[in-house]
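Worksheet for the structure shown next.
To find a chain, count down the sequence lines: A is the first, B the second, and so on, and within it residues start at 1.
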Amino acid sequence: MNPELQTKVDRILADMKAMGSIVVAFSGGVDSSVVAALAQRALGDDARAVTAVSETLGGRELDEARAIAAEIGIAHHEIAFSELSDERFVENTSARCFFCQTMRFSQLRAMAEQLGVQVVASGSNQSDLGDHRPGLKAMEDQRVYQPLLDHEVSKQEVRQIARWLELSVWDKPAKACLSSRIPHGLEVTHERLRRIERAEDVLEDLGFVQYRVRDHGGLARIEIASDELDRALERSVLERIARGAREAGFKRVTLDMVGYRSGSLNPVKRSA
Amino acid sequence: MVSSEEIEGSELERIREVAGRFGLEVLGASRRGVMLELVPKDLGALPSASELAEIADALAGDGVRYVSLSLEGALGEEG
């Protein structure tokens with residue numbers, strides 16, 4: 001790790017030690033895993049990871065979160081809540097993430113208080129600032145501690161820290177919550193979330209690493225990373241994808257010709 | 001699901017011409033909101049991923065945000 005990044009890590013560890021105890025909002029992705037591992041280094045048993053379990057978290061993601069928490073050696077808790085109980089979330093406007101993160105961090109704050117902990121931390125990082133992320137505003141409103149953001153750690157640097165910490169998730173692709181596969185304006189429903197999850201499990205089972213199944217109201221538009229797309233174009237693979245997505249519950253299946261790009265359903269930014 | 005609008009006539013010919021330039025034979029095409037869906041003649045004879053991206057790039061714009069290939073033919077219902 002280069003000296004500049006080592007300095008950032010040292011400062012984060014010092015900040016955490018001064019806080020005394022921390023609850024880390026933990027998804028099992030690389031960002032929250034790095035924050036959890038640093039918190040565990042700084043605070044030992046006074047650091048805890050909490051996973052908010054809701055309809056937008058895939059079952060495999062939860063299993064992975066449990067496994068990585070065990071790998072880090074941090075105490076792991078789970079709290080259940082329902083995003084679908086909030087009509088503003090279900091409505092799926094471009095502010096959806098704001099409502100979701102407000103609910104999520106309210107739950108996490110309540111659990112932190114039960115544990116006698118004042119600080120709730122997230123894995124937001126510097127690279128999140130360039131995208132459409134209304135969830136960041138919710139975290140700011142909830143006074144969430146964001147060490148990676150505070151110390152201007154980019155996503156690339158997060159992965160470097162994860163390698164330095166010898167975390168198995170250092171190269172884990174970003175997954176994002178399942179509702180991000182549903183275009184704004186279409187309601188987020190349990191049925192849609194589950195068919196997206198089932199169809200993405202098919203892609204994972206086929207060995208793909210970076211993908212999204214976008215749900216256009218029963219039509220699946222499947223995005224696969226451009227460097228993996230040639231393999232998807234083999235006739236036998238296409239058949240398995242199409243059949244798997246149909247069995248997952250989609251009425252029609254299509255393959256995006258550009259391939260995976262992060263936030264492809266986000267509102268289009270208009271140039272000035 | 002957003003209703004589908006079949007593309008015909010000169011617009012379909014233009015799509016076939018663009019796709020054909022990069023090695024994709026197109027049977028038909030339809031619009032679903034901001035999505036353009038192409039039905040390939042033969043899913044077993046598709047051009048490379050980079051060529052598909054070139055086609056998508058050439059056909060995007062003018063209300064089209066996503067260009068997709070129909071996989072219904074892989075289920076034995078088309079193509």
Open item on the list: For B:A56 versus A:M257, what's the shortest heavy-atom pair and its separation?
Closed with: CB-CB, 4.0 Å
- [ ] Work out which heavy atom in B:A49 is nearest to a heavy atom in A:L233; give both atom names and the distance.
- [x] N-CD1, 3.6 Å
Open item on the list: Does any backbone or side-chain atom of B:L38 lie under 4.5 Å from a heavy atom of chain A? Answer side chain, backbone, both or neither.
Closed with: side chain
TODO: Below 4.5 Å from any heavy atom of chain A, which atoms of B:L46 appear? Answer side chain, backbone, both or neither.
DONE: side chain
- [ ] Using non-hydrogen atoms and a 4.5 Å limit, figure out which bit of A:I224 sits close to chain B: side chain, backbone, both or neither.
- [x] neither
Open item on the list: Is A:R231 close to chain B through its backbone or its side chain, or both, or neither, when contacts mean heavy atoms under 4.5 Å?
Closed with: neither
What's the spacing between [X] [atom1] and [Y] [atom2] if we round to 0.5 Å?
{"X": "B:S30", "Y": "A:R252", "atom1": "OG", "atom2": "CZ", "answer": "6.0 Å"}
{"X": "A:R221", "Y": "B:R32", "atom1": "CZ", "atom2": "CZ", "answer": "13.0 Å"}
{"X": "A:I222", "Y": "B:L69", "atom1": "CD1", "atom2": "CG", "answer": "11.0 Å"}
{"X": "A:L219", "Y": "B:M35", "atom1": "CG", "atom2": "CE", "answer": "5.0 Å"}

Open item on the list: Would the distance check show the side chain of B:E72 and the main-chain N or O of A:V253 forming a donor-acceptor pair, the cut-off being under 3.5 Å?
Closed with: yes
TODO: Kindly say whether B:S48 contributes a backbone atom to a donor-acceptor pair with the side chain of A:D230 at under 3.5 angstrom?
DONE: no
TODO: Report the C-alpha distance between B:Y66 and A:H216 in whole Å, list the side-chain angles of each, state the deciding distance to 0.1 Å, and finish with yes or no for side chain to side chain contact (heavy atoms under 4.5 Å, CB included).
DONE: CA-CA 11 Å; B:Y66 313 108; A:H216 294 263; 3.9 Å; yes
